[in-house]
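Structure record follows, encoded as structure tokens.
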Amino acid sequence: MPSVYIKTYGCQMNERDSEAVAAQLAAKGYARAASEHVADVILLNTCSVRDLAEQKALRKMENVAAAIRRSRPGVVLGFLGCMAQSRGRELIDRLPDVDLVLGTQKFHRAGEYLDDLFAGRRRQVVDVETEPGSEATIREHLPERGNGAGSDRGSRWPVSAFVSIMQGCNQYCTFCIVPYTRGAERSRTISDILTESRELVSGGVKEITLLGQIVTSYGKREIGARDGKSAFVQLLDALNGIEGLERIRFTSPHPKGYGDDLIEAYQRLPKLCESAHLPVQSGSDRVLKRMHRGYDREWFVGIVSKLRRVKPEMGVTTDIIVGFPGETEADFEETISLVREVEFDNAFVFKYSPRQGTPAAAMPAPVAVEVIEERHARLLDLVNEIGKRKYRSCVGGRAQILVEGPSRKNPARFQGRTRANRIVVIAGGADRRGDLLEVNITGAGLFTLYGETVD
Ligand code: 5AD
């Protein structure tokens with residue numbers, strides 16, 4: 001059977017989609033290639049959220065076509081995911097070596113199309129149609145292949161797994177391409193999600209991260225609120241009951257989805273981790289309005305303080321865009337002051353990137369590149385300064401970590417995460433993967449803590 005190499009760009013949703021495609025192909029007998037140089041199928045699962053991500057994947061495919069396709073003409077090349085969805089056939093017009101362009105609602109058909117291509121039944125495939133029910137097709141997980149530190153302990157999957165709960169977004173923020181690449185909101189059923197999660201837990205998974213473009217909108221249409229609880233909170237309640245599951249996380253929520261039912265869930269559900277990635281995008285009400293975010297600064301600051309009131313140890317991170325069209329120095333100063341006020345654990349700071357077809361791309365008063373660069377650097381300095389201070393303040397304290405495996409930087413050490421989602425590196429020889437450990441925090445670097453196990 002042919003071997004396949006998948007390279008993923010972008011968010012965790014894309015990682016999860018790649019994992020499901022890999023599992024689907026493995027079930028058909030495809031081998032996993034260690035690199036593109038030996039693969040018979042090379043798939044790039046793409047991201048469209050900023051131009052840089054698109055350019056990276058395009059350049060990669062150009063290089064692959066030039067270096068690999070020329071020497072091994074039988075190799076199949078494909079684009080999957082968001083850029084495949086937004087650009088479709090245009091990708092083949094631009095790069096005629098590409099055989100397969102598969103949109104975001106068609107991942108489950110990758111195997112069938114590859115069969116067609118190998119059998120010569122089709123020369124090229126472009127499928128970017130919408131497909132009812134596609135949200136329920138991202139199911140298969142890839143069993144671990146005996147190389148993980150935990151495999152000798154009988155676990156089939158990693159310690160921490162992603163579960164897709166919904167697809168698409170109806171928010172239509174003016175800067176964002178996601179509603180066009182991922183389509184309208186569609187949710188899986190609670191029972192489907194529970195079945196998948198139970199299966200993962202029985203394979204050794206201790207932590208589940210629920211995924212969706214806007215998870216707080218989960219089940220709005222299909223399930224609806226009951227007894228004052230949104231469908232999303234009903235799902236959290238159900239997951240909290242899974243025996244053997246230790247931790248529940250989710251990404252990405254929308255700030256407007258933080259009703260009191262969700263705030264209370266942090267108090268009520270012991271498995272729900274004290275951590276929230278809350279994309280704020282800007283600290284200026286004027287900009288938030290033009291972004292069509294659906295909340296103002298006061299609402300945002302309000303939910304962070306409510307969350308910290310119920311869980312003082314809450315880890316809060318965010319995404320911020322600098323240089324949105326028409327952003328003035330005064331607007332930017334509002335963002336700076338918000339970051340000072342909220343004191344995020346960490347923030348991802350993005351330079352605004354116009355996306356074709358989005359309302360913001362046609363807005364007047366684009367911000368000059370040099371100004372965007374300067375604001376980006378200034379904000380990043382502040383984020384790092386606050387992050388350092390917050391991480392240093394953890395030293396001397398105690399935390400529970402879930403050990404994920406060897407430290408990325410130093411394989412002689414182990415790495416885990418606190419419930420607030422801070423990485424802790426600990427010394428250790430024995431395999432503690434999958435263990436929940438109490439650690440004393442003894443040191444801090446930039447966005448990393450160091451600890452020792454409590455004896
Ligand atoms: N330009 C820059 N950043 C963007 N994001 C989304 N769209 C754009 C864009 N056009 C950022 C937002 C979002 C994160 C995933 O990417 O901050 O939360």
Side-chain angles (χ1 to χ4, degrees), residues 8-17 45-57 81-83 85-87 104 162 166-182 209 211-217 250-258 276-284 287-288 290-295 297 300 303-304 316-327 331-332 334-335 338-339 342 344-363 365-369 371-377 379-380 383:
T8 309
Y9 297 84
C11 62
Q12 284 120 326
M13 277 66 90
N14 289 6
E15 296 283 346
R16 178 71 196 96
D17 291 332
N45 190 7
T46 56
C47 169
S48 284
V49 82
R50 283 170 293 277
D51 188 52
L52 198 68
E54 290 205 346
Q55 295 310 324
K56 264 193 207 161
C82 289
M83 185 172 64
Q85 187 70 43
S86 62
R87 297 200 182 202
T104 53
F162 292 123
M166 58 87 69
Q167 289 268 304
C169 182
N170 295 350
Q171 178 64 29
Y172 285 91
C173 297
T174 54
F175 53 81
C176 189
I177 200 165
V178 166
Y180 312 95
T181 59
R182 290 284 182 170
T209 303
L211 291 183
Q213 275 79 35
I214 180 158
V215 286
T216 38
S217 294
F250 53 81
T251 198
S252 284
H254 190 287
K256 72 174 195 180
Y258 277 75
H277 180 69
L278 278 172
V280 67
Q281 313 300 359
S282 171
S284 152
V287 174
L288 287 172
R290 296 173 70 239
M291 287 177 161
H292 193 240
R293 288 295 288 171
Y295 56 85
R297 179 189 174 119
F300 186 88
I303 57 174
V304 175
V316 182
T317 55
T318 197
D319 292 342
I320 299 170
I321 297 177
V322 294
F324 183 80
E327 183 189 71
D331 291 322
F332 179 67
E334 291 276 302
T335 299
L338 177 92
V339 169
V342 172
F344 296 103
D345 282 80
N346 197 357
F348 299 94
V349 183
F350 301 109
K351 301 171 201 165
Y352 171 70
S353 167
R355 311 312 297 128
Q356 214 187 349
T358 59
M363 283 183 186
V367 180
V369 176
V371 176
I372 295 186
E373 292 290 342
E374 189 271 331
R375 288 180 189 166
H376 182 261
L379 188 52
L380 212 56
V383 165

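Whatever order the structure lists ligands and atoms in, that order sets their numbers, starting from 1. Below, all heavy atoms of this structure are taken into account, side chains as well, without hydrogens, waters or symmetry copies.
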Starting from [atom], find the nearest protein heavy-atom neighbour and note its residue, name and distance.
| atom | result |
| --- | --- |
| atom 18 (O) of ligand 1 | Asp319 OD2, 2.7 Å |
| atom 5 (N) of ligand 1 | Arg50 NH1, 3.5 Å |
| atom 10 (N) of ligand 1 | Ser353 O, 2.8 Å |

>> Under the rule for salt bridge (charged side-chain N to carboxylate O under 4.0 Å, His left out), what residues qualify as partners of Glu54, not counting sequence neighbours?
In response: Arg87, Arg355
> Excluding sequence neighbours, so at least two apart, what forms salt bridge (charged side-chain N to carboxylate O under 4.0 Å, His left out) with Glu15?
Replying inline: none
>> For the 3.5 Å polar cut-off, considering only N or O atoms, please tell me whether Arg355 and ligand 1 meet it.
In response: no
> With a 4.0 Å heavy-atom cut-off (strictly under), which part of Val49 contacts ligand 1: side chain, backbone, both or neither?
Replying inline: both
> Quick one: does ligand 1 sit under 4.0 Å from the side chain of Phe175, the backbone, both or neither, non-hydrogen atoms only?
Replying inline: both
> Could you give the distance from CG (Asn45) to CE (Met13), rounded to the nearest 0.5 Å?
Replying inline: 12.0 Å
> Rounded to the nearest 0.5 Å, what separation is found between the OG1 atom of Thr8 and the CZ atom of Arg16?
Replying inline: 11.5 Å
> Is the NZ or CZ atom of Arg290 positioned over Phe324's six-membered ring, under 6.0 angstrom from the centre and within 45° of the axis?
Replying inline: no
>> Can you check which of Gln281, Lys351, Gln213, His277 brings a heavy atom nearest to atom 2 (C) of ligand 1?
In response: Lys351
> If you measure from the Lys or Arg side-chain nitrogens to the Asp or Glu carboxylate oxygens, is any gap between Arg182 and Asp17 under 4.0 Å?
Replying inline: yes
